[in-house]
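Here's the structure we're looking at; comments come further down.
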Amino acid sequence: MLLVAVVGMTVASVAGRYLFGVPIPGDYELTELACGIAVFAFFPYCHMTQGNVVVDFFTSRLSARYRAALDGLHSIAFTLMAGLVTSRLFVGAMRKLDDGETTLFLEIPIHWAYFVALVTAGLLTTVCVQVVHRHLQALRR
């Protein structure tokens, strides 16, 4: 829904620019913030539904147990990275909050986008832990 709103705003801004010489002020800033939030919002769902791109050229001939072990190892590494990204987003959000940094034209505080991304990154980390658990369950079978 957020990306659909961004597309609508972009169309309105471009049309306003060419037809009336009046674009939507700060459209670039709004697009940048909304797309960043949308990308982070997609990560948990994509990982939960196994929507990530997997190249199994070298592993397709392995047994199901070895593939499950590799998938589990990958999931553990991804969980660690998701946790790292979450922690760094928290640090960045706190710094942006302390600095009071805003966007150039609309003067939107940037910290709120960091906090939204922080929530979705935390959700991704939680999903990663669940996926690791799923892989460990598959290995036990």
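Computed from a prediction, not measured in an experiment: that's the story for all the values here. Below, all heavy atoms of this structure are taken into account, side chains as well, without hydrogens, waters or symmetry copies.
- Nearest heavy-atom pair across L3 and C35 is CD2-SG, 4.0 Å.
- Both M48 and V131 belong to a common hydrophobic cluster when Ile, Leu, Val, Met, Phe, Trp and Tyr are linked at side-chain heavy-atom distances under 4.5 angstrom.
- For the atom pair CD of E101 and CD1 of I110, the computed distance is 4.0 Å after rounding to the nearest 0.5 Å.
- One finds the CG atom of L84 at 9.5 Å from the CG atom of L89 (value rounded to the nearest 0.5 Å).
- Ring-centre distance between F42 and Y45: not below the 6.0 Å cut-off.
- Residues passing the side chain to side chain donor-acceptor pair (under 3.5 Å) test with T103, sequence neighbours excluded: E29.
- Here the CZ-CZ distance, from R65 to R140, works out to 10.5 Å after rounding to the nearest 0.5 Å.
- Linking Ile, Leu, Val, Met, Phe, Trp and Tyr whenever their side-chain heavy atoms come within less than 4.5 Å leaves F90 and L80 in two separate clusters.
- Between F43 and V39, some side-chain heavy-atom pair lies under the 4.5 Å cut-off.
- Looking at heavy atoms from C-beta onward, V91 lies in side-chain contact with R95 at the 4.5 angstrom threshold.
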Can you list, pair by pair, the side-chain donor-acceptor contacts under 3.5 Å of residues 113-126, counting residues two or more places apart and other chains?
unit_1 : atom_1 : unit_2 : atom_2 : d
T120   : OG1    : V116   : O      : 3.4
T120   : OG1    : A117   : O      : 2.9
T125   : OG1    : A82    : O      : 3.3
T125   : OG1    : T86    : OG1    : 3.0
T125   : OG1    : A121   : O      : 3.0
T126   : OG1    : G122   : O      : 3.0

Exercise for the section: Decide side chain to side chain contact (heavy atoms under 4.5 Å, CB included) for F58 and L70; before the verdict, give the C-alpha distance in whole Å, the side-chain angles of both, and the deciding distance to 0.1 Å. Expected result: CA-CA 12 Å; F58 296 108; L70 282 175; over 6 Å; no
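- With rounding to the nearest 0.5 Å, the separation of CD1 in I24 from CG in L106 is 10.5 Å.
- There is no path of hydrophobic side-chain contacts, each under 4.5 Å, that joins V127 to F78.
- Considering SG of C128 and CZ of R134, their distance stands at 10.5 Å, rounded to 0.5 Å.
- Counting heavy atoms of neighbouring residues, nucleotides and ligands inside a 6.0 Å radius, atom CZ of R88 does not exceed 12 of them.
- Among all heavy-atom pairs drawn from M9 and D27, the shortest one is CE-O, 3.4 Å.
- For the ring pair (Phe, Tyr, Trp, His ring centres under 6.0 Å) test, no residue two or more places apart in sequence or in another chain qualifies with H135.
- A distance of 10.0 Å separates CD of E32 from CD1 of I108, quoted to the nearest 0.5 Å.
- The minimum heavy-atom distance linking S60 with R67 is given by the pair O-NH1, 3.1 Å.
- Placement of W112 and L2 within a single hydrophobic cluster is found when ILVMFWY residues are connected by side-chain heavy-atom separations under 4.5 Å, directly or transitively.
- The hydrophobic clustering, which links ILVMFWY residues whose side-chain heavy atoms are closer than 4.5 Å, places L136 and I76 together.
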